[in-house]
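Below is one structure, written out as C-alpha cells, with a few remarks after it.
Sequence lines set the chain letters: A, B, ... in the order given, protein chains first and strands last, and positions in each chain run from 1. Being a predicted model, the structure only gives us computed values, none of them experimental.
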Amino acid sequence: MGVITTKGLTKKFGELTAVDNLDLDIKEGEIFGLLGPNGAGKTTIISMLATLLDPTSGTATVANQDILKKPSKVREHIGIVFQDPSSDDILTGRENLYLHGLMYGVPRSIIPQRIDDAFDLIQLTGREDDLVKTYSGGMRRRLELARGLLHHPEVLFLDEPTLGLDPQTRKRIWEHIEKIVKERKVTIILTTHYMEEADRLCDRLAIIDNGKIVALDTPNALKAQVGGDTVQMEVSEPEKAAKELEKLDCVSRCEARENRLDIAVKDVAQNLPKVFAAAGEISNFSVRNTTLDDVFMHYTGYDIRDEGAEGAAKHMQRVVGIKK
Amino acid sequence: MNQLNGLYAIWLREVKVYFREYSRLIGSILTPLLWLLILGKGIGASIDENESFAGVPYEQFIFPGILTMTVLFQSVFYGLYIVWDRKIDFLKEVLAAPLNRSTVFLGKCLGGVTDSMIQVTIIIVLGFFIFPDLEYTLQSLMLVYLYLFLLAVIMTSLGLIIGSRMDSPEGFSLITSLVVFPMYFLSGALFLKKNLIDEAPLIYWITAINPASYAVDAIRYTLIPEDIFLEYGLSRDLAVLIGFCVFLLALGTQSFKTMKL
Ligand SMILES: Nc1ncnc2c1ncn2[C@@H]1O[C@H](COP(=O)(O)OP(=O)(O)O)[C@@H](O)[C@H]1O
Ligand SMILES: [Mg+2]
C-alpha cells in the first residue's frame with residue numbers, strides 16, 4: 001500500500017462537485033503531480049488529505065493513518081506549502097521558522113540548528129533576520145518551502161509552488177525541489193497548472209479536470225500515448241484536411257482550432273510527405289516535440305494555456321493586497 | 001508538551017505582531033482619552049457631582065468604565081484577524097499543525113487578551129497622573145487586572161467565535177458592533193445602574209445579564225472605594241465573570257472545531 005491512498009474521495013460544495021470519486025495510490029519517495037487548470041479541484045484534494053477539510057464521501061490514508069479517524073496523526077507526518085502566501089510578513093524569516101518548529105513539534109533545543117540548515121538549503125543564509133516583507137516573491141516561496149520541511153515530514157504537499165513567479169525564479173524553485181528529493185526521504189505531492197513544471201519534476205502525474213482524473217501515468221508514457229511528434233500547420237480548409245489526415249495510419253490524433261491543426265504524427269521524417277498530401281493548401285507549418293500541453297488538450301479538448309499567466313498574476317495581487 | 005509549545009507559539013506570534021504594529025497601539029489610546037477628557041469634563045460640568053457621586057468628579061467616576069470600554073472594544077475586534085486569516089492561507093498553517101483545535105483557540109485567545117492588557121496598562125498609568133485621588137495600591141491594581149483579564153477573556157472569545165463564523169470583515173464589524181455597543185452602554189460605565197431600578201426597571205434587568213456590568217462594578221469599587229458605588233459586590237462580580245469565561249471558552253473551542261475554511 002502506498003504512502004497515500006484515496007478511495008472514492010469526493011467533495012461537494014453545494015451543487016458543485018469539486019472532487020469527484022478520486023482513487024489514487026501514491027508510492028513512497030515519488031514526486032506525484034496533480035496537473036489541472038484553475039478550479040480543477042487540486043487545492044481541495046490537498047486540503048482533504050491535510051485534514052483541513054472533511055470529504056463529503058470516501059476516505060483516504062496518509063502515512064498509513066486514516067484522515068477521518070486519525071486526523072491529528074496524519075498532521076504529525078505532513079508538511080504543506082500552501083498555494084497562497086502564508087508566512088507572516090511582519091516577522092523575520094527566522095521567527096517564522098521558529099514558530100513553525102514549535103507548533104509542529106520540533107524539540108525546542110534543536111530548532112535553531114534546523115533553522116540554520118533550512119536557510120542553507122534554500123540559499124538564503126544572511127537574510128534570516130530580515131522581515132519577510134523585504135523578501136522577493138521567490139524568496140518568500142523558498143522560505144515557505146523550507147518551513148514545510150522544517151519538522152522533517154514524511155509527506156510534503158506543494159500547492160502550486162511557483163504560481164505567479166517569473167520564469168527564472170521558477171527554475172530556481174525547481175532546482176530546490178530537486179535538491180530536496182535527492183537529500184531527503186520524502187514523498188512529494190505537487191499541484192500545478194504549468195506543464196513544464198509537471199514534466200520536469202514529477203515521476204508520475206494525474207491530469208485532473210473538473211475534479212476527475214482523466215489520465216494518470218509518467219510524463220513520458222502520457223506523451224507516448226498521444227503519439228509521436230506534433231506537426232502544426234495552418235490550412236485553408238481545416239475540416240476537410242482533418243478528415244483526410246485522420247485516415248492516415250501514421251496520424252494518431254488531429255485537432256483543429258480555427259485554421260490551425262495540431263497533428264500527432266509517428267516517424268515524422270518518413271511520413272511528412274503523406275501528411276502534406278492529405279492536408280491540401282498550407283500557409284504555415286512547424287514540427288515540435290509532443291509536450292504535456294498536447295496531452296492535456298488530447299484528454300480534455302481544450303488548451304490549459306488559455307487561462308494564461310495573467311490570471312495567476314491577478315490572483316497573487318488580490319492575495320497580497322488583502323493583507324495590506 | 002507539544003500542545004504547550006504550540007500554545008506558546010500561537011500566543012508569541014500574536015504578541016510579536018502586536019508590537020510591530022505601532023499604529024494599532026497609538027490609535028486605541030486616543031479614543032479613551034477623548035471620552036475621559038471631553039465627555040467626562042463636559043458632562044461633569046453640567047451635573048451636581050456632590051449629589052450623585054459623593055463629590056467624586058464625573059470624569060474620575062467614569063475612568064473605571066473607560067478601562068472596561070477599552071477591553072470591550074479592543075478584545076472583541078481582535079476576532080477580525082481570524083476573518084482575514086481565514087480568507088487567505090495564514091490560518092491553514094496553524095490548523096494543519098498537529099495541535100488540537102482547543103489549543104489553537106486558547107493560543108489565539110490569550111494573544112488577544114495580552115494585547116488588551118497592554119493597552120489597558122497604558123491607560124492605567126495615564127489615570128495615575130490624571131486622577132491622583134484614585135485608589136492605586138498593589139492590592140487594588142491586582143484586583144483591577146484580575147477583573148479586566150476575565151472580561152478580556154470573555155470578549156476575545158466572543159470576537160473569535162463571531163469571527164470563526166463570518167466570511168466577510170464587513171459582516172464581522174456589523175455583528176460585533178451590534179453586540180458591543182449595547183454591552184458598553186448597558187454596563188453602567190457612564191452611570192450608576194442602581195438608579196435605574198425605579199426609573200427604568202427593564203433596562204436595569206438587562207444590565208444585570210451583561211458581563212461588562214460586573215467588571216465595571218468591581219473595578220469602580222476597587223479604584224474608588226465609596227459605598228454608594230457598590231452595586232453587586234466583588235465576590236458576586238468574580239463569580240459571574242468566571243462563569244461567563246468558562247462558558248465562552250467552551251463555546252469558542254467548539255466553534256473552532258467546527259470552523260469552515
Ligand atoms: N470553500 C469553498 N466553497 C465553495 N466552493 C469552493 C470552495 N473551495 C473551492 N471551491 C470550488 O471548488 C472548485 C475547485 O477549487 P480548487 O480546489 O481551489 O481548484 P484548484 O486548486 O484546482 O484551482 C472550484 O470551482 C472552486 O470554486
Ligand atoms: Mg488551487
Side-chain angles (χ1 to χ4, degrees), chain A residues 13 43-44 46-54 65 70-92 95-108 111 131 133 144 147-148 151 153 157 159-160 315-316 318-324, chain B residues 1-25 80-108 110-111 115 164 167-170 172 253 256-261:
Chain A
F13 295 111
T43 300
T44 308
I46 292 207
S47 297
M48 287 191 285
L49 294 178
T51 76
L52 292 170
L53 211 57
D54 284 336
Q65 307 290 344
K70 292 267 163 60
S72 58
K73 281 266 177 280
V74 168
R75 294 206 297 271
E76 283 173 14
H77 297 284
I78 61 172
I80 314 179
V81 176
F82 298 99
Q83 177 175 322
D84 298 334
S86 60
S87 45
D88 267 305
D89 61 359
I90 57 172
L91 300 182
T92 66
E95 286 170 332
N96 268 289
L97 295 193
Y98 182 71
L99 293 177
H100 178 93
L102 286 178
M103 284 195 296
Y104 283 70
V106 183
R108 230 188 251 218
I111 295 179
L131 295 183
K133 66 177 157 200
E144 289 173 356
R147 186 180 69 174
H151 53 291
F157 294 101
D159 197 358
E160 312 236 15
H315 172 81
M316 290 312 273
R318 183 186 67 79
V319 168
V320 174
I322 274 179
K323 246 337 218 200
K324 290 288 141 67
Chain B
M1 191 58 204
N2 283 348
Q3 298 294 325
L4 217 58
N5 275 339
L7 183 76
Y8 169 67
I10 295 170
W11 172 82
L12 185 65
R13 186 254 170 190
E14 301 302 322
V15 175
K16 276 177 185 274
V17 168
Y18 182 72
F19 276 112
R20 299 252 160 102
E21 292 189 334
Y22 307 97
S23 57
R24 270 162 67 182
L25 246 163
L80 187 59
Y81 293 106
I82 283 287
V83 183
W84 282 125
D85 288 359
R86 255 182 39 247
K87 272 182 111 73
I88 44 184
D89 283 350
F90 271 64
L91 198 62
K92 286 193 194 165
E93 155 74 3
V94 179
L95 295 183
L99 298 173
N100 303 330
R101 287 284 171 98
S102 46
T103 306
V104 176
F105 175 77
L106 211 58
K108 288 277 173 194
L110 287 178
D115 294 357
S164 72
D167 287 331
S168 77
E170 294 80 10
F172 176 85
T253 303
F256 264 44
K257 279 188 181 142
T258 56
M259 176 165 54
K260 297 229 165 48
L261 282 175

Name the member of B:A97, B:G6, B:A9 that forms the most heavy-atom pairs with chain A at distances under 4.5 Å. B:A97

What part of B:E21 gets within 4.5 angstrom of chain A, counting heavy atoms only: side chain, backbone, both, or neither? side chain

Side chain of B:D89, backbone of A:D84: donor and acceptor closer than 3.5 Å? yes

Between B:E93 and A:M103, is the side chain to side chain contact (heavy atoms under 4.5 Å, CB included) condition met? List the steps. CA-CA 9 Å; B:E93 155 74 3; A:M103 284 195 296; 3.9 Å; yes

Reported CG-to-CZ distance for the pair A:D89 and B:F90, which is rounded to 0.5 angstrom: 6.0 Å

Gap separating the CG atom of A:D88 from the CG atom of B:D85, nearest 0.5 angstrom: 8.0 Å

Side-chain heavy-atom pair B:K16, A:L91 within 4.5 angstrom cut-off: yes

Check the pair A:I80 / B:K92 against side chain to side chain contact (heavy atoms under 4.5 Å, CB included), numbers first and verdict last. CA-CA 9 Å; A:I80 314 179; B:K92 286 193 194 165; over 6 Å; no

What part of A:H77 lies closer than 4.5 angstrom to a heavy atom of chain B: side chain, backbone, both or neither? neither

Taking every non-hydrogen pair under 4.5 Å, which of A:L99, A:D54, A:L131 racks up the most with chain B? A:L99

Going from OG1 on A:T92 to CZ on B:R20, what distance comes out if it is rounded to the nearest 0.5 angstrom? 6.5 Å

Determine the minimum heavy-atom distance between B:P98 and A:S72, stating which atoms define it. CB-O, 4.3 Å

Checking heavy atoms, do the side chain of A:E95, its backbone, both or neither come under 4.5 Å from chain B? side chain

Contact part of A:S87 toward chain B, heavy-atom cut-off under 4.5 Å: side chain, backbone, both or neither? backbone

